[in-house]
Amino acid sequence: MNTLDETFTLNTGATIPKIGFGTWQIPNGDDAYNSTALALKHGYRHIDTALVYGNEASVGQAIHDSGIARNKLFITTKLPAEIKDATKVFEAFETSMENLGLDYVDLYLVHAPWPWAERGADYKKENGEVWTQMEAIFQTGRAKAIGVSNFVVSDLEALFETAKVIPAVNQIRYFIGNTQDATVALSTEKGILVEAYSPLATGALLENVEIAAIAAKYNKSIAQISLRFVLQNGLLPLPKSTNEDRIKQNADLDFEISADDMNYLNSLEINL
Ligand code: A2P
C-alpha cells in the first residue's frame, strides 16, 4: 500500500494519515499556497499548520481550492505557546478557524508547555487550565481530537493530574540522533501518538555521512531513510518541503529498513 494511504488510529478512534505535510517556516502567500497545493496533488491528505506559522490562510485556501472532500483530509493547527491565560483559548481557536476557513479541525494542539521566550519555565498550573478549555473545544466537536506539542515527561505527568481527556497526540522535535526516548515511552504507554516535527533536523541530517551510507545501501535518499526511520519507530513524520520533487520523494517510503540497520540508526549520536 502507498504509505500516504496508511493510517494510525488515535485514542479517539479516528484514523490519521501516517505522513503529514509540515508547513512550519513556509511563508504565507504563494509559498504556503503552492506547497500545500502540491502536497495535496501528490496524495498527502494530512496537513499540519499553526496560528504562529502565520500561514493558515494560504494553507486553508489551498485546501479549499483542491476540491478534496473535507472528510478525506486531516487538518491540524495549534494554540500559540504564548497563550497560557485560559480565557484566551477559545478566541485563538476561532481565529485559526477563520484563517483556515474551516468548520472543524481534526486535531488542535497546545503548541508548547511554555511561551517560546521562556523555554523551560514552569507553566504547569496554567497548562492545566488551558487544557480544560481545550477539552471544552473538543466537546463542541469543532476539534475532533486535542493534543500537545513539545511536552516532555514532567509536562505530561503534570497534565495527567487534572486532565479529563488524555491528549491524542504529542508532537515533538524528533530525528535520527534525537529520539527523546523517555518522552516517547511515556506517551506511547498512555496511548498518545507521537508525531515527529523537523524529521530531517530542518535539513541538518542531509549531509550526515553515516545516514548517507545506509541510504546508498537501500538506494534511497537520506531524507527517505530519515523519514522511514521515524515510521518504523512507530511515530508519524511531518516532512516539509516547498519543492515538488522533494514533496513527492518524502512520501515515497514504501520500503523496509532492516532491524540491524534500525538498531544502528537508533544508536547514532548526532551533534548538530
Ligand atoms: P526544501 O523546501 O527546499 O525542499 P525538516 O522537515 O526537518 O524541517 O526539514 C526541512 C528542510 O529540508 C527544508 O529546508 C527542505 O527544503 C529540506 N528538504 C525537505 N525534503 C527534502 C529532501 N527530500 N531532500 C533534500 N532536502 C529536503
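Just so you know, ligand 1 is whichever comes first in the structure, and atom 1 is the first atom listed for that ligand. Predicted, not measured: the structure shown is a model, and the values here were computed from it.
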Only heavy atoms count here, so choose which of Asp245, Asp252, Asn250, Ile247 is nearest to atom 20 (N) of ligand 1. Asn250
I need the nearest protein heavy-atom contact for atom 24 (N) of ligand 1: residue, atom name and distance, please. Arg246 CD, 3.3 Å
Polar atom proximity, Ala201 to ligand 1 (N or O, under 3.5 Å): yes
Which protein non-hydrogen atom lies closest to atom 26 (N) of ligand 1, naming both residue and atom, and how far is it? Leu206 CD1, 3.3 Å
Mode of Ala223 contact toward ligand 1 - side chain, backbone, both, neither (heavy atoms, under 4.0 Å): side chain
Which ligand 1 atoms does Pro199 reach within 4.0 Å, using its non-hydrogen atoms? 6 (O), 7 (O)
Quick check on Ser221 - does any of its heavy atoms sit under 4.0 Å from an atom of ligand 1? no
Look at the side-chain heavy atoms of Ile, Leu, Val, Met, Phe, Trp and Tyr, link any pair under 4.5 Å apart, and say whether Ile192 and Val165 land in one connected group. yes
Can you tell whether the side chains of Arg228 and Glu256 come within less than 4.0 Å, N to carboxylate O? yes
Going through the distances and angles, do Glu82 and Lys88 end up as a salt bridge (Lys or Arg N to Asp or Glu O under 4.0 Å)? CA-CA 10 Å; Glu82 289 68 27; Lys88 303 277 195 278; over 6 Å; no
Can you name the nearest heavy-atom pair linking His46 to Ile19, along with the distance? CB-O, 3.5 Å
Under the criterion side chain to side chain donor-acceptor pair (under 3.5 Å), I'd like the reasoning laid out for Gln61 against Asp65: C-alpha separation, chi angles, the key distance, then a yes or no. CA-CA 6 Å; Gln61 193 61 49; Asp65 293 352; 3.1 Å; yes
If we only count N/O pairs under 3.5 Å, is Lys240 in contact with ligand 1? yes
Within the structure, does Leu200 bring an N/O atom to less than 3.5 angstrom of an N/O atom in ligand 1? yes
Which residue and non-hydrogen atom of the protein lie closest to atom 2 (O) of ligand 1, and at what distance in Å? Thr242 N, 2.8 Å
Starting from atom 14 (O) of ligand 1, locate the nearest protein heavy atom and write down its residue, its atom name and how far away it is, to 0.1 Å. Thr202 O, 4.7 Å
Here the atoms of ligand 1 under 4.0 Å from any heavy atom belonging to Ser198 are 5 (P), 7 (O), 8 (O)
Hey, is atom 7 (O) of ligand 1 under 4.0 Å from any protein heavy atom? yes
According to a hydrophobic-cluster definition based on side-chain heavy atoms being under 4.5 Å apart (Ile, Leu, Val, Met, Phe, Trp, Tyr only), do Ile26 and Leu73 belong together? yes
Give a yes or no on whether Tyr53 and Phe93 share a hydrophobic cluster (residues Ile, Leu, Val, Met, Phe, Trp, Tyr; joining criterion: side-chain heavy atoms under 4.5 Å apart). no
On a heavy-atom basis, which atom in Glu56 and which in Thr77 lie closest, and how many Å separate them? OE2-OG1, 2.6 Å
Parallel, tilted or perpendicular: which fits the ring planes of Trp116 and His111, with parallel below 30° and perpendicular above 60°? perpendicular
